[in-house]
2 protein chains.
Amino acid sequence: MARRSEHSLEELKAMVLDAAETIVIEEGFSSLKARRVAVEIGYTVGSIYMVYKNMADLITHINAKTLDAVAAQLEQVQDGDPAQYIEAIAQAYLVYASRNFNRWIMIFEYGFSRNTDIPDWYQEKRDVVFDRLEESVAQLAPECAESDRKQAAKALWNSIHGICILSLSGKTDTIDLNESAETMNLLIRSFIHGWLAQSAKATD
Amino acid sequence: MARRSEHSLEELKAMVLDAAETIVIEEGFSSLKARRVAVEIGYTVGSIYMVYKNMADLITHINAKTLDAVAAQLEQVQDGDPAQYIEAIAQAYLVYASRNFNRWIMIFEYGFSRNTDIPDWYQEKRDVVFDRLEESVAQLAPECAESDRKQAAKALWNSIHGICILSLSGKTDTIDLNESAETMNLLIRSFIHGWLAQSAKATD
DNA sequence: ACCTGAACACCGTTCAAGT
DNA sequence: ACCTGAACACCGTTCAAGT
């Protein structure tokens with residue numbers, strides 16, 4: 001045994017990531033185990049630690065791919081009227097989260113209470129989506145000061161996320177995606193309407 | 001050994017719950033282990049399974065106490081003008097979550113992807129807070145149909161929760177509670193303003 | 001240099017055996 | 001009847017040893 005060199009380290013790294021991703025997608029985060037990944041790629045446990053520092057490192061890379069997938073999904077949304085664009089972004093996020101629940105929820109299942117080593121390159125991926133939203137908020141209220149605009153975008157994004165996470169994490173058979181989508185639209189329309197009215201009043 | 005009877009089973013159950021709660025509060029969910037709880041109360045591991053079915057059962061009971069604590073906190077908010085009351089509820093929730101982060105976040109760290117056996121009595125505790133909010137939304141728009149009101153309350157509560165969870169789960173040293181509180185107020189004021197304006201238009 | 005596989009220190013859970 | 005403690009089946013991680 002040993003010394004097989006059937007695959008380069010880079011290939012091995014990709015194989016580990018792919019196998020791990022598949023396990024998460026099909027069975028959820030709680031089924032992701034080092035030995036299981038090893039079996040799936042035809043190697044032994046130790047090999048995983050040749051290409052990833054530890055399971056936390058592997059998990060971070062899985063989540064990074066998910067963030068990229070989310071960003072890619074949201075970039076397909078047609079630009080246009082900013083209010084409609086924001087609605088479409090939120091709907092696309094909701095649809096992605098519901099169709100890829102196991103991958104998506106893992107981002108939050110893992111990262112919530114750990115403060116340990118969230119790498120910068122990972123944090124930047126999280127910001128990509130937010131930046132797009134902020135641009136649209138800027139188009140919505142061009143007169144608005146940057147700090148106010150940032151705060152509005154934050155309130156909006158966090159709210160969108162809250163609706164996704166609470167709508168989708170109930171009992172699986174109770175989830176009504178149409179209802180969640182309507183709740184999402186109500187939130188966005190009401191918020192934008194109210195925010196524009198209030199910021200207009202403030203600049204009088 | 002064995003056969004000590006220093007404590008009744010009920011006492012033991014309370015001791016296990018208290019010890020477990022303390023560990024979670026002081027060190028977080030990831031430090032909660034069966035053997036650790038046993039050491040803390042001066043028993044051996046096996047004893048825990050005399051009073052709780054398994055760790056999941058114990059965790060559910062810890063989370064139930066947290067939900068009660070949240071509800072108790074929110075009940076201290078002074079009733080009055082519905083819009084102000086909703087703002088105050090949200091602020092109280094944010095403050096509780098930030099001051100009791102380890103307990104609070106555990107509710108979501110544990111329960112997100114598991115569909116297994118969420119008992120009814122637990123689900124009811126989750127609804128208590130929401131019902132209070134819905135009442136205030138009803139006072140805000142007495143003419144409004146119940147289904148619309150329910151949806152508005154849902155959009156609002158999920159948004160409030162989204163702001164809490166994303167504001168508080170970043171890097172611990174980066175969290176600015178004042179900023180989060182302002183974001184929360186912006187969300188609530190804008191939403192209520194916009195929602196009332198739109199539902200007024202709809203009933204014309 | 002690459003990979004193994006056995007070892008280590010942990011987990012949750014069970015249950016025959018003691019008092 | 002109450003409680004133990006040893007056992008079991010798992011974890012993640014490491015590393016001397018093989019090729």
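What you see is a predicted model, and the numbers here were worked out from it, not measured in a lab. Side chains included, hydrogens not; waters and symmetry mates left out as well; all remaining heavy atoms used. First the proteins, then the strands, lettered A, B, ... as listed; each starts at 1.
Nearest to the side-chain atoms of Leu12(A) among the listed nucleotides dC2(D), dC3(C), dT13(D) stands dC3(C). Residue Thr44(B) has its side chain nearest to dG5(D) when only dT13(C), dG5(D), dG12(C) are considered. Here dG12(C) is the nucleotide among dC3(D), dG12(C), dC3(C) with the atom lying nearest to any side-chain atom of Met55(B).
Between the CG atom of Leu12(A) and the CG atom of Leu17(A) there is a distance of 11.0 Å, given to the nearest 0.5 Å. Annotation: the span from Glu182(A) atom CD to Ser180(A) atom OG amounts to 9.5 Å, rounded to 0.5 Å.
Atom NZ of Lys53(B) and atom P of dG12(C) are 16 Å apart (whole Å). Atom P of nucleotide dC2(D) and atom CE of Met15(B) are separated by 15 Å, given to the nearest angstrom. The NZ atom of Lys13(A) sits 18 Å away from the C1' atom of dC3(C) (whole-angstrom rounding). In this structure, Asn54(B) atom CG and dC11(C) atom C1' are separated by 14 Å, rounded to whole Å. We find that OH of Tyr49(A) is positioned 17 Å from P of dG5(C), with the value rounded to whole Å. Per the geometry, NZ belonging to Lys33(B) stands 18 Å off P belonging to dC10(D), to the nearest Å. When rounded to the nearest whole Å, the span between CD1 of Ile48(A) and P of dC11(D) equals 12 Å. What separates CE of Met50(A) from C1' of dC15(D) is a distance of 13 Å, to the nearest Å.
Comment: Glu27(A) does not engage Lys33(A) in a salt bridge, judged by the lack of any side-chain N to carboxylate O separation of less than 4.0 angstrom.
With a cut-off of 3.5 Å on both pairing distances, the Watson-Crick and G-U wobble pairs of DNA chain C assemble into stems of 3 or more at C:4-8 with D:12-16, C:12-16 with D:4-8.
Backbone-only contact: Leu32(B) has heavy atoms under 4.0 Å from sugar-phosphate atoms and none from a base.
Using a 30° and 60° split on the angle between ring planes, His161(A) and Trp157(A) fall in the tilted class, from 30° to 60°. Between Tyr43(A) and His7(A), the angle of the ring planes lies from 30° to 60°, which puts this pair in the tilted group.
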Evaluate Glu179(B) against Lys150(A) for salt bridge (charged side-chain N to carboxylate O under 4.0 Å, His left out), listing each step before the verdict. CA-CA 11 Å; Glu179(B) 197 199 305; Lys150(A) 269 213 157 74; over 6 Å; no
Could you walk me through whether Asp127(B) and Arg132(B) pass the salt bridge (charged side-chain N to carboxylate O under 4.0 Å, His left out) check? CA-CA 9 Å; Asp127(B) 296 339; Arg132(B) 284 214 126 206; over 6 Å; no
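Both Gly42(A) and Arg35(A) sit near DNA chain C, but only Gly42(A) has its closest nucleotide nearer the 5' end.
The side chain of Tyr43(B) places an N or O atom within less than 4.0 Å of a non-bridging phosphate oxygen (OP1 or OP2) of dC3(D). Regarding contacts with the backbone of dC2(D), every side-chain N or O of Ser47(B) stays at 4.0 angstrom or more from both OP1 and OP2.
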